[in-house]
Amino acid sequence: MEKIIKKAEKLSRRYDEDDLEILISKLGAHLFEMPLGRIVKEVYFKDLKAIVVDPNLHPYQKRHLILHALAHHLFHRKREANYFVDEDKNFLESLKVREKEAEVFACYFLIPKDKLDEILKEEWVKESPDLVSELAEEFQVPEDLVRKRLEFKKLYG
């Protein structure tokens, strides 16, 4: 995970997170918005190097899913695709690893270590009745991403 975290932190420092389309373009992918239905909210097509996200999502969720898909572009596009579940028990395990890597990348890009550590030292944090909600607003991300980021902080420092 160290490689994933370092890449996320490097890109977060280098690029303005408010213009993800430019970041994606510079990294060799393309961003498209189109309705995807009720279940699917984001898709990465590795052969096309295309990230597709549903335009109807809340802006915080959209940012999260775009960064999640970008991680697949950066770290998983050269891996052999698995389009169906077969008898291979390693398929599901490798899928779990890839999804965790994509979430770690999104978390560390959108909630960088330096900024998070600085905020967690502030006095109001100790008295906050709903720290997750307040951090979500501070970083403009979904609350579940804040929970994941705090869990990753425990695991990876």
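Source: prediction; values computed, not measured. Below, each value reflects all heavy atoms present in this structure, side chains not excepted, and no hydrogens, waters or symmetry copies.
- Closest approach of Tyr108 and Phe152 over heavy atoms only: OH-O, 3.6 Å.
- Here the side chains of Val146 and Phe139 are not in contact, with every heavy-atom distance at 4.5 Å or above.
- Between the side chain of Arg63 and the backbone N or O of Gln140 there is at least one donor-acceptor pair closer than 3.5 Å.
- Under a hydrophobic clustering in which Ile, Leu, Val, Met, Phe, Trp and Tyr are joined whenever their side-chain heavy atoms come within less than 4.5 Å, directly or via other members, Ile24 and Leu74 fall into the same cluster.
- Counting only residues at least two apart or on different chains, the salt bridge (charged side-chain N to carboxylate O under 4.0 Å, His left out) pairs with a member in residues 22-41 are Glu33-Lys62.
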**Asked** Where do Glu137 and Tyr60 land on the side chain to side chain donor-acceptor pair (under 3.5 Å) test, with the steps shown first?
**Response** CA-CA 9 Å; Glu137 280 302 312; Tyr60 293 1; 3.1 Å; yes
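- The salt bridge (charged side-chain N to carboxylate O under 4.0 Å, His left out) analysis of residues 144-157, with sequence neighbours excluded, yields the pairs Glu103-Lys148, Asp117-Lys153, Glu143-Arg147.
- Applying the side-chain hydrogen bond (donor to acceptor under 3.5 Å, both in side chains) test between Glu101 and each of Lys96, His76, Lys3 identifies His76 as the sole match.
- Residue Ala71 comes nearest to Ala102 through the heavy atom pair CB-CA, 3.5 Å, listed as atom of the first residue, atom of the second, then distance.
- Atom CD1 in Ile119 sits 9.5 Å away from atom CD1 in Ile111 (nearest 0.5 Å).
- Ile22 and Leu110 are assigned to two separate hydrophobic clusters, defined by single-linkage of ILVMFWY side chains at heavy-atom distances under 4.5 Å.
- One distance of note links CZ of Phe109 with CD1 of Ile5; it measures 15.0 Å at 0.5 Å rounding.
- Nearest heavy atom pair, residue Ser12 against residue Pro112, reads OG-CG, 3.5 Å.
- Taking 4.5 Å as the limit, every side-chain heavy atom of Tyr15 sits out of range of all side-chain heavy atoms of Leu20.
- To the nearest 0.5 angstrom, Glu138 atom CD is 10.0 Å from Leu116 atom CG.
- Distance check: Leu135 CG to Ser133 OG gives 9.0 Å after rounding to the nearest 0.5 Å.
- Among all heavy-atom pairs drawn from Ala69 and Ile51, the shortest one is CB-CG2, 3.6 Å.
- The closest side-chain heavy-atom distance from Leu11 to Leu27 is below 4.5 Å.
- In this pair, Tyr44 and His72 present their aromatic rings parallel. The plane angle is below 30°, not in the 30 to 60° band.
- Scanning both residues, Leu145 and Cys107, for their nearest heavy atoms gives CD1-SG, 3.4 Å.
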**Request:** List the steps and the verdict of side chain to side chain contact (heavy atoms under 4.5 Å, CB included) for Lys10 and Arg13.
**Result:** CA-CA 5 Å; Lys10 177 183 174 186; Arg13 283 190 301 271; 4.2 Å; yes
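- By the 6.0 Å contact criterion, CD on Glu122 is enclosed, its count of non-hydrogen atoms from other residues, nucleotides or ligands being greater than 12.
- Clustering of Ile, Leu, Val, Met, Phe, Trp and Tyr side chains at separations under 4.5 Å places Phe45 together with Phe32, Met34, Leu36, Val40, Val43, Leu48, Val52.
- Aromatic ring orientation, His68 versus His64: perpendicular (interplanar angle above 60°, classes split at 30° and 60°).
- In terms of heavy atoms, Asp54 sits closest to Pro35 at OD2-CA, 3.8 Å.
- At a threshold of 4.5 Å between non-hydrogen side-chain atoms, the residues Leu131 and Trp124 count as touching.
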